[in-house]
Amino acid sequence: MKVTIYGSGYVGLVTGACLAEVGNHVLCVDVDPDKIDRLNRGEVPIYEPGLEAMVTENTQAGRLAFTLDPAEGVRHGLFQFIAVGTPPDEDGSADLRHVLAVARTVAEHMDEYRIVVNKSTVPVGTADRVKEAIREIQQERGAQVDFDVVSNPEFLKEGAALKDFMKPDRVIVGTDNPRTGELMRALYAPFTRNHDRMLLMDIRSAELTKYAANAMLATKISFMNELANLAERLGADIEDVRQGIGSDPRIGYHFIYPGCGYGGSCFPKDVKALERTARQAGFEARLLTAVEEVNERQKERLFQKLHSHFGGDLKGRTIALWGLAFKPNTDDMREASSRRLMETLWAAGARVRAHDPVAMEECTRIYGHRDDLILCDDHEQALEGADALVIVTEWNVFRSPDFERIRRSLKQPVIIDGRNLYEPRHMEDMGFAYYAIGRGRRD
């Protein structure tokens, strides 16, 4: 099949590469000349395990191409995927300018039937606005061309996106046309051969499903962080509690790990957008408000633990950070807990020595070169001359370090573990002042 994808960011590029991988001919359209030039040279502008190899292979095979020409994109594909960003406005609502701009572009050049597939994360009712935008342009052109609009939300986890697309848990398709549903079923057939994972539903339900899924996962994380903070005050160990409740199949073990708050491009934005959608519908979503507030408060916990340990005086101290990305296997630092911590440390007069396996370039892009930020080539180098170590991202390389090396390198044997990687008793036996999240020690 022939597929056009507007937007060559994270979702668009993964979607395009995976659809090409199973034999489709995919054309990715973007407005950024530098990005298109890099992709045509075989350079992938984002980090995702396995993506660069898949893009290169399919580009060389002629199944994946990139262009700046939207007219070429409209001519190319029966399926017109919208995979552009929907950043939050100041009030938390999703900004649909780019989505609607693509819809108008498709309408300007469309001269035969097209299926407009909304892959971007958008509020309920966006499909109606896309249809309206297309019809307005058609009226201006005096050309009535048949089309359908489909909601097909993505459920890609950064760091495991290729696996998620190639072997999906479910494929959500919202459509009001049975014929279009069957065409979408045919497009996704290579990914659902073991058993039918496609769920067909009305468009608004599909749009809400994406937000509902992310809000549910964010709620589980914030709930566990609340319990972790309570466990510290009660002298309980949240790790034992986690295993105790996770063994209940009604709860399960997924997304019940406490930590220093969630980040990334999805959870923070989508919780706010769903809360905003609820307000627009005349409903106060109090639980969503609480989930967001708990997460914002949790991002302050690492600084609070440092501040308490050093008696409220961090001026002139150097803090080592292990991890900058919001999660492992990505270079994404959007809404990352590391950013809140570093900015608070700098405001308190402290310096930061940091290492992340892949997010160093992104950190430089965000913060530039600063005297109070040293990015180190490896995680052990970050320890040198630091007053304490803070673990922010649970990269595998941090899970079993040389603790003797840590103790020798630090001025003081202090570890703030924002991801609960180590056993408190073992750390204290080795002479560390060890602070985790919800594991019995109050600060």
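None of the values given here were measured: they were computed from a predicted structure. One is the number of the first residue; the rest follow in order along the sequence.
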[X] side chain to [Y] main-chain N or O, any donor-acceptor pair under 3.5 Å?
X: Glu21; Y: Ala17; answer: no
X: Glu207; Y: Ser151; answer: no
X: Trp395; Y: Pro357; answer: no
X: Ser337; Y: Gly261; answer: yes
X: Glu284; Y: Arg286; answer: no
X: Glu335; Y: Pro268; answer: no
X: Asn420; Y: Ala436; answer: no
X: His355; Y: Ala382; answer: no

pair [X]-[Y]: side-chain heavy atoms closer than 4.5 Å:
X: Met184; Y: Asn152; result: yes
X: Lys210; Y: Val122; result: no
X: Asn225; Y: Phe223; result: no
X: Phe303; Y: Leu345; result: yes

field: Arg405/Glu380 salt bridge by N-O under 4.0 Å criterion
entry: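 Salt bridge present between Glu380 and Arg405.
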
Criterion salt bridge (Lys or Arg N to Asp or Glu O under 4.0 Å) against Arg439, the qualifying member of Glu428, Glu423, Glu239: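 Among the candidates, only Glu423 passes.
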
- request: Assess the side chains of Asp417 and Tyr435: does a donor N or O sit below 3.5 Å from an acceptor N or O?
  value: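 No.
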
Polar contact flag, side-chain donor to acceptor under 3.5 angstrom, Thr67-Glu72: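 The criterion, which ignores hydrogens and geometry beyond distance, is satisfied for Glu72 and Thr67.
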
field: Aromatic plane relationship, Phe267 with Tyr262 - under 30° parallel, 30 to 60° tilted, over 60° perpendicular
entry: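 Rings of Tyr262 and Phe267: perpendicular, as their planes differ by over 60°.
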
- prompt: Taking the inter-plane angle between the rings of Phe432 and Phe403 on a 0 to 90° scale, is it parallel (under 30°), tilted (30 to 60°) or perpendicular (over 60°)?
  reply: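 Ring orientation, 0 to 90° scale: perpendicular.
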
message: Run the side-chain contact (heavy atoms from CB on, under 4.5 Å) test on Leu51 and Leu162 for me, step by step, so that the C-alpha distance in whole Å, both residues' side-chain angles and the decisive distance to 0.1 Å come before the verdict.
response: CA-CA 7 Å; Leu51 180 59; Leu162 298 188; 4.0 Å; yes

- prompt: Aromatic ring centroids of Phe155 and Phe165 under 6.0 Å?
  reply: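 No.
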
